[in-house]
Amino acid sequence: MPTRFDVITLFPDLFRILLDQGVTGRALARGLAELHLWNPRDFTHDVHRTVDDRPYGGGPGMVMKVEPLREAIQAARAAAPQSRVAYLSPQGRVLDQAAMLEIAACPGWILLAGRYEGVDERLIESHVDEEWSIGDYVLSGGELPAMVVMDAVIRLLPGALGHADSARQDSHMDGLLDCPHYTRPERIEEGSVPSVLIGGDHAAIKRWRLRQALGRTWQRRPDLLKRRGLSEAERTLLDEFILAHRE
Ligand SMILES: NC(=O)c1ccc(NCc2ccccc2N2CCOCC2)nc1
């Protein structure tokens, strides 16, 4: 059952990025996921195809009107009855990898990408199920956040990535930062590859990678480590890392 994304956007062409190449392009081409685009301008009924208007109470910029968005959402819901509606905005719940896993578990999402100063609050109150943010910063529109969510989610779909394991080993999977990566040549002016990775001791390599992931998380994102907690074995590996990096 593919995961279906219906995006409501004034700039559907921006989404070619997802369709044209990479993991998302292949997943969409293979039907692991579906992308449907709805332009609120196609749901206007005036000669000027008006989708925005001045804000009540004055102030700069424009606000997206309810009616075109309501009709676009209703059309998307008719085409995707199992989907929930999510609005990308700086006021939303900030998403992390755990949130992406939750989102990936649902059959489909109708993503509302706002422009201008945002959307008339009555649309949000009446037609939006969830409000999401990709981080505490302001962008010109909700399209990039929508693409960020779709990219993160599509990678989690079974079969989307070549080697099933690579999704699980993604950084921020099981709550740790990623270990370092190396490729050929083994020796270059920038340095040499850690010898454990050259040998064939796969148990030692697995331990080294986990030790690095734990150590880097401890060094760079202690907040993630605190939230995650450690097993006895992981505690030992982290102590080894700290001992080796003490000076
Ligand atoms: N962090 C995020 O997920 C994120 C999402 C969207 C977004 N912008 C579109 C937008 C959407 C809703 C409300 C306001 C706005 N903005 C419109 C332009 O003006 C600023 C406010 N920015 C950041």
Side-chain angles (χ1 to χ4, degrees), residues 3-19 22-24 33 35-44 49-77 83-106 108-156 170-172 221 223-224 227:
T3 300
R4 180 179 168 132
F5 292 101
D6 290 82
V7 184
I8 296 173
T9 172
L10 291 169
F11 299 98
D13 289 350
L14 289 179
F15 289 81
R16 295 215 59 76
I17 296 177
L18 292 172
L19 290 164
V23 168
T24 52
L35 173 58
H36 302 266
L37 299 162
W38 306 81
N39 189 333
R41 219 173 277 285
D42 298 335
F43 296 87
T44 56
R49 310 186 78 202
T50 310
V51 292
D52 64 315
D53 202 339
R54 299 194 328 281
Y56 278 113
M62 304 288 270
V63 175
M64 292 185 84
K65 292 175 65 64
V66 173
E67 300 101 316
L69 292 174
R70 177 215 298 149
E71 291 187 26
I73 288 173
Q74 286 172 342
R77 281 195 192 273
S83 293
R84 290 168 57 77
V85 178
Y87 176 48
L88 288 307
S89 95
Q91 285 72 41
R93 165 199 178 192
V94 179
L95 302 177
D96 58 7
Q97 190 70 11
M100 296 302 182
L101 282 159
E102 288 171 33
I103 295 168
C106 293
W109 292 94
I110 296 166
L111 301 178
L112 173 56
R115 280 270 159 174
Y116 304 105
E117 292 314 301
V119 164
D120 186 304
E121 192 66 15
R122 292 168 292 182
L123 186 281
I124 302 168
E125 286 165 354
S126 305
H127 300 285
V128 169
D129 300 313
E130 303 194 15
E131 198 161 347
W132 300 336
S133 167
I134 61 167
D136 291 330
Y137 37 82
V138 175
L139 302 168
S140 310
E143 283 79 13
L144 285 174
M147 285 189 258
V148 163
V149 170
M150 286 190 281
D151 187 297
V153 167
I154 288 173
R155 296 177 60 77
L156 295 172
D170 254 359
S171 70
H172 280 267
R221 293 293 306 277
D223 58 304
L224 291 180
R227 183 191 315 172

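Keep in mind that the numbers below use all heavy atoms, side chains included, and drop hydrogens, waters and symmetry copies. All ligand and atom numbering here is 1-based and tracks the order in the structure.
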Heavy atoms under 4.0 Å from ligand 1: which residues qualify?
Tyr87, Leu88, Ser89, Pro90, Gly114, Tyr116, Glu117, Gly118, Ser133, Ile134, Gly135, Tyr137, Val138, Leu139, Ser140, Gly141, Gly142, Pro145

Quick one: salt bridge (charged side-chain N to carboxylate O under 4.0 Å, His left out) pairs with a partner in residues 54-74, sequence neighbours left out?
Lys65-Glu67

Could you check if a side-chain atom of Arg41 sits within less than 4.5 angstrom of a side-chain atom of Thr50, using non-hydrogen atoms only?
no

Whether the side chain of Thr24 engages the backbone of Leu18 through a donor-acceptor N/O pair (distance < 3.5 Å, no angle test) should be reported.
yes

Is there a donor-acceptor contact under 3.5 Å linking the side chains of Trp109 and Asp6?
no

Output side-chain donor-acceptor pairs under 3.5 Å for residues 135-153, partner residues at least two apart or in another chain, one line each.
residue: Tyr137; atom: OH; partner: Ile134; partner atom: O; Å: 3.1
residue: Glu143; atom: OE1; partner: Arg115; partner atom: NE; Å: 2.8
residue: Glu143; atom: OE1; partner: Arg115; partner atom: NH2; Å: 3.0
residue: Glu143; atom: OE2; partner: Thr9; partner atom: OG1; Å: 2.7

Sort and list the pairs that fulfil salt bridge (charged side-chain N to carboxylate O under 4.0 Å, His left out) and have at least one residue in residues 85-99, not counting sequence neighbours.
Arg93-Glu102, Asp96-Arg227

